[in-house]
Every structure is written in structure tokens, then in C-alpha cells.
Amino acid sequence: MKHSYRVAINAEHCKACGLCIEFCPQDVLGFASTRNDAGFYPAEVQDQANCIGCLRCAMMCPDACIEIWRLVSADDRVAAAESVTR
Amino acid sequence: MAQTTQTEALPSHEEAVYRRPAALTETQMRYCPGCTHGTAHRLIAEVLDELELTDRTVAIATVGCSVYAYEYFNTDSVQAAHGRGPAVATGIKRTSPDSIVFTYQGDGDLAAIGLSEVIHSAQRGECITVLFLNNAVFGMTRGQMAPTTLVGQRTTTTPQGRDPKLEGTPMMICEMLSGIPGVAYLARETMIDPKTVADARRSIKKAFQAQADGAGFSLVELVSSCPAWWHKSPLESLHWIRDEMLTQYPLKVFVDYKRQD
Amino acid sequence: MMTGNVATAEGAIAAGCRYFFGYPITPQNDIPRYMSEQLPQIGGVYLQAESELASINLVYGAASTGAYVMTSSSSPGISLMQEGLSYLLGAELPAVVVNMVRGGPGLGNIAPAQSDYWLSTRGAGHGDFGCLTFTPDSVQELYDCTYDAFEIGHKYRLPVMILGDAMIANMSEATRLRERREPPTQMPEWAVGGRRNGRPRRVVNSLWTDVPVMEAVNLRIAERFRQAAQEQTRWEEYGDDRPDILFTAYGISARICKTAIDRLADEGLRARLLRPITVRPFPTDPFARWAGQVERIVCVEHSMGQFIEDVRLSVDCRPVELISRTGGVLMTPEEVIARTRELIAS
């Protein structure tokens, strides 16, 4: 079952160190083209569909800016429920 | 099947895979871009939450770049004089033994002005946890030599590089403490890639667990970066840790009270 | 009968103090000895620190949990504690610090002296610094002042110093003990220890980079000093009700003055003693009252002329004469009398 993920970056806290971008194995992230209030071009999600939820970006972020959610569709829940039933 | 009927009624939704730990406040940390102080804070906070210690914890912020740590940890906090964190932590632990008390100290605070306090706290087997950030330089005061500065490393006060004939050799804190019976957990870790971050997290967790178990003194040295005063990018700084710092400061679990020797 | 050191320790225990951190130094070693014996028996903690730097910071940590805590030392040790004392004040933490003063400067000697007056009242730390300072002159008063110091410190959130000397620390006198109190069970609303039961987190801190905030903190502390001055200023008066000479002295010097005043009275000379029991806050009112009613004001102190400055500030520009010895040399009443006669003759 392939999951899809949503990566959320706190653009105002991001200082554009780029470590999340460097360590993402799927090229999900890149720098934004507009500055945040502190004057940084923060990291942003550029290819959400490619995310595999490995958390490497969140693990490397020195500013605890990154949060990650897994999208659980109704189909997944059916599958999960069935796997429990079996 | 009854279950199928039930789940079909539910819409798609999201499950958090990673959230900013509750043991961090919402305050933006004031560290320079790419500085691993923030990574260390995050790992400590994750561990406090995971071990359900956040509401029992008193964090000791010391003097240096991390002086504002009391704004970042969502715990009771005390700001301590330069180098005296372990003494302050001891005073709290002795009067409030149910509390979990940790100090967060840089290499200037711990290895220079505060060496006596950390050694004697370890010698007493004080049930406190010390997080020791070693980035081989005084950050806040503009990049001067620290006791942990590498031989040959240029700083603002060793412009020709640290000369062991003049300034001695790097101070090996873990090696100094490793023979002390009161030490329950002692490790040197770093945070240069996801694997070492996970290792550092594991050691921090064991250090706090040692305190919660009443096993004695615990310290984790985190070999850290200072992009600003190393004059390197955040990524280059992590590479410099890998190539230079770790040669001087090898990663190791020195003491683990749970390990069967 | 007990020594001043033991009375100080016993006064602290009776007040509910259960935590003592210290480092050995003569002439106050009987305080830690007594504490190390007593505190573990009553659920307290005695811990010998590795230095006075550690002592005062152990105190700072314990004070941040709201506990009644103390340390004791002597002059060179108090010098080492100055930074920590300043942090206590800045973080608005109460603690009791005993200084059994010895001869100085430097390593000096272990003889009785009063040369830490400025250190205690002016410069026991950096910043706009001060601590409440008691100057007992007897074993009984050491006991009483120490007993009261904890409650007073907590009331105003200020560090309190007991300023003794090597003589009263080590002499023995009969001492009336008060009822031993239990330590406070209700922790103050600023005390740390973990944000139990989901209460908001608390921070003990003296760092205020926003300068108007730092100023506001200093003004708040100053207001507490002002309140303490109204409510806690203590002094004693002794001798003739219509004096020609007003002696002023504190601590051991005051005792010497009392004997001198009695003997001068036998010789027909009318003298009175004004003895501050607190020197911060300083009892300026009685000085102002007496200043215009006497022919001379004589300050007797065992230092080069430190205490006399506060006296001069309190006597409406009237001249104040100094009788002093320094370096640990103790005057006899005869010496005070002889030097008083010289002043009168000159």
C-alpha cells in the first residue's frame, strides 16, 4: 500500500539553512522564491507527490520547522479494517 | 461485513507522522541558520515527551549561545551563571528530588569556566543530566578559542591556528569523566546525518532514563556545528564535523549503566 | 551556652532551613560542622561544595525551588560568591548568606574584623546590587537574626546577609532558643520544580536584554528594599539619655563601646551608643534625631573607615570622628576611652 504524505514547513521560522533539501532523497523540497519576514528564502514543498514519509527532512531541521502527516483515505481504512478482521 | 460498512462512512483524513515536540515552546530559536543547537533542543524535547517527563523537568540554561534555552523548552527553567549549571542543577535536585533536572552547556561554559562543577557533580554521582554541546569555539562572544578547539583550528583568538605548544591540546571531556564511578551514562554523539541524529536521540533518551532510574550522573556530548564562526555553510559544517571533529572526538558510548560488561 | 557559629546554625534550623551548602573556611567552620550533623537527622540536606563558587550556585538552585536555604563563609569566600549573590538578587531569589568576617585584604588572617562592610552593603555583586544586611553583636542576636532572616528574605525576595566576625562567631554565650518551626509547606508562586498538574511553566532568570524591562526589574527590587527599610530597620540605643558624645558602632565594636560608655559614665562623661542591627536598610532616622543634640559623633569600627560613610550620610552634615583599627587588631575598651579623650583634648 503506497501512502501519500503532506509536509508542512513553518516558513516564518525557517532560516533557509537548506539541510532538509540536502537530505531529502526524493527531491521533494526546494527554496521558495519569496522571502519570509526575517529575510530568508525558506524551504518549501515543491513535489509533494514524491514524498515517501522518511522524515529525514524533519530529523535534520535545526529549527523544528517541519511537520509531516500521512493521508489516510477511506480505502486505506477499509483495507486496514479488513486486515484486522482477517 | 459490519466493519466495512462503518469505515465507508468515514472521510479521508490525516495522521501526524511527525509533529514539533510539545516540550518545545512555539518561540522561534535565535540560533544561526544551520546551527545544530536547534537540532539538539528538538531531540531533548522529543525525548522528554516520549518519556513523559516534560511536566517534571527543570531545564538549566547556561551562558553562551544557548542562554535563551529557557525560552525554548516548554518546562520550568532556570538561567544559571556562566559555568555553574551543574551546581544549580544539584541545588534543585537536592531540594526537589522528584524533578528531572538537566543542564544545557556549550564548550566554553562546561569545559572552560565550568569544568570544576561538572567534574564534581559527576564525582558525586548527582542524578542530573548534562547536555554538552561541543562546537570547538566560543560562539556568542564572536568565535574565540575554546578548550575543545582543534589543533591548528583558526579562531578569532588563534589567528594562526591553535598551537599546542602555546594553547595546549583539545580537552576530551568524555574521556576525563569516563573513569568516575558516579557516572551512569556517558556518550559522545553528533548530528550530521539522519543516522547520527537517531543515535544522538537514543543516547539522550538513555541519559534521561538514567536520571529517571536514579542511576547517577549522565552526560551526552554532542559534537556540533558553528557555521558562523567556522565560516562555512551549514552543510559544509556538517562535513567538517565528519572529516575533522570526529577524528579528534570519536563517537562512543563510554558508560552505560544498563550494559552488561 | 553555645558559640556564635552554632547559634547561627541552630537559628537557621529553628527557622525551618533544611538545606545548607558550603565550603570550609576559618573562622566559621563550626556552622557546616553543626549543619552536617543535624540536617540529615531532620530530613534536610548538607552538601559540602567544591568551592564557594559552587556553594552559592547550589544555593541559587535550591532557592529557585522556594526552599529555605543558606550558606556561610568568611571574607575571601564571600568575594568568590559575589557573582552568585548578584544572580540571586537579579532573579529575585531569597537566600541567607552568613559572613563571619576576618582580617583582609587578600588571604589576610583569621582574626575578627569588620572590613567587609562595603562588600556586604555596597558591592557583594555586580549591577545595582544590594542585600539586606544584619549586624548582630551577640550570640543571642546571631541566633535571632538568622532565625528571622529566612522569613524576611522570602517576604521581600531578597538575599539576606548576616554580617558577623571571627569574635562573635567563636565566643560562647547563653542563648535563649525559640520554638523550632517546620519548613514552609506551601511553595511560593515563583518556585520551579516541574510544571506539575499542567500549571504554566515558570522561569527563574536574570537576563533582560530589553533594557526597559531590566530597568523595571531593578525598580521593582528597589521598591522591595524601600518596603524593607520601612518595616525591618533595626537598631539599639544604649547609655546616657542626654549625651554629649554619640558613639556609633555595630557588631563587636558596639560591645566594646558599651563597656567604654559605662566606664566613661563613671568618670562623668555622658555618652550614648547608637548601634545599627541592620545596616542595609540603615537606621537613618535615629541618627538624624541625635545628630543635633550631641557635641560630637564618634564612629568606632574595625575597618579603615567604611561604616562611617553611612553614618556621615545620616547626620545632616555634622562632623563624624573615627576611631578604628584594622587588619584583625581588636581594640580594648581602654583604647576606645583613651582615643576618645584624645579627640576631646584636640
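Every chain is numbered from 1, with letters handed out A, B, ... down the list of sequences.
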- Task: Step through it carefully: locate the ring centre of B:Y104, locate the ring centre of B:Y72, and say whether they are under 6.0 Å apart.
- Result: no

- Query: Heavy atoms under 4.5 Å from chain B: which residues of residues 42-53 of chain A carry them?
  - Reply: none

Could you tell me the separation between the [atom1] atom of [X] and the [atom2] atom of [Y], rounded to the nearest 0.5 Å?
X: A:Y41; Y: A:C14; atom1: OH; atom2: SG; answer: 13.5 Å
X: B:Q209; Y: B:I204; atom1: CD; atom2: CD1; answer: 14.0 Å
X: B:M191; Y: B:T196; atom1: CE; atom2: OG1; answer: 8.0 Å

- Message: Looking at every heavy atom in both B:S203 and B:E189, which two are closest together, and how far apart are they?
- Response: OG-OE2, 2.6 Å

- Heavy-atom pair of closest approach, residues B:V47 and B:K205: CG1-CA, 3.5 Å

Any donor and acceptor pair, going by atom type alone, linking the side chain of [X] with main-chain N or O of [Y] inside 3.5 Å?
X: B:T75; Y: B:V58; value: no
X: A:N36; Y: A:F40; value: yes
X: B:T148; Y: B:A146; value: no

- Note on the structure: Expected contact set for residues 17-46 of chain B against chain A at heavy-atom separation under 4.5 Å reads B:V17, B:Y18, B:R19, B:R20, B:L24, B:E26, B:T27, B:Q28, B:M29, B:R30, B:Y31, B:C32, B:P33, B:G34, B:C35, B:G38, B:T39, B:R42, B:E46

- Picking from A:H13, A:M60, A:M59, which has the most non-hydrogen pairs under 4.5 angstrom with chain B? A:H13

- Once the angle between the rings of B:H231 and B:W229 is folded into 0 to 90°, is it parallel (under 30°), tilted (30 to 60°) or perpendicular (over 60°)? perpendicular

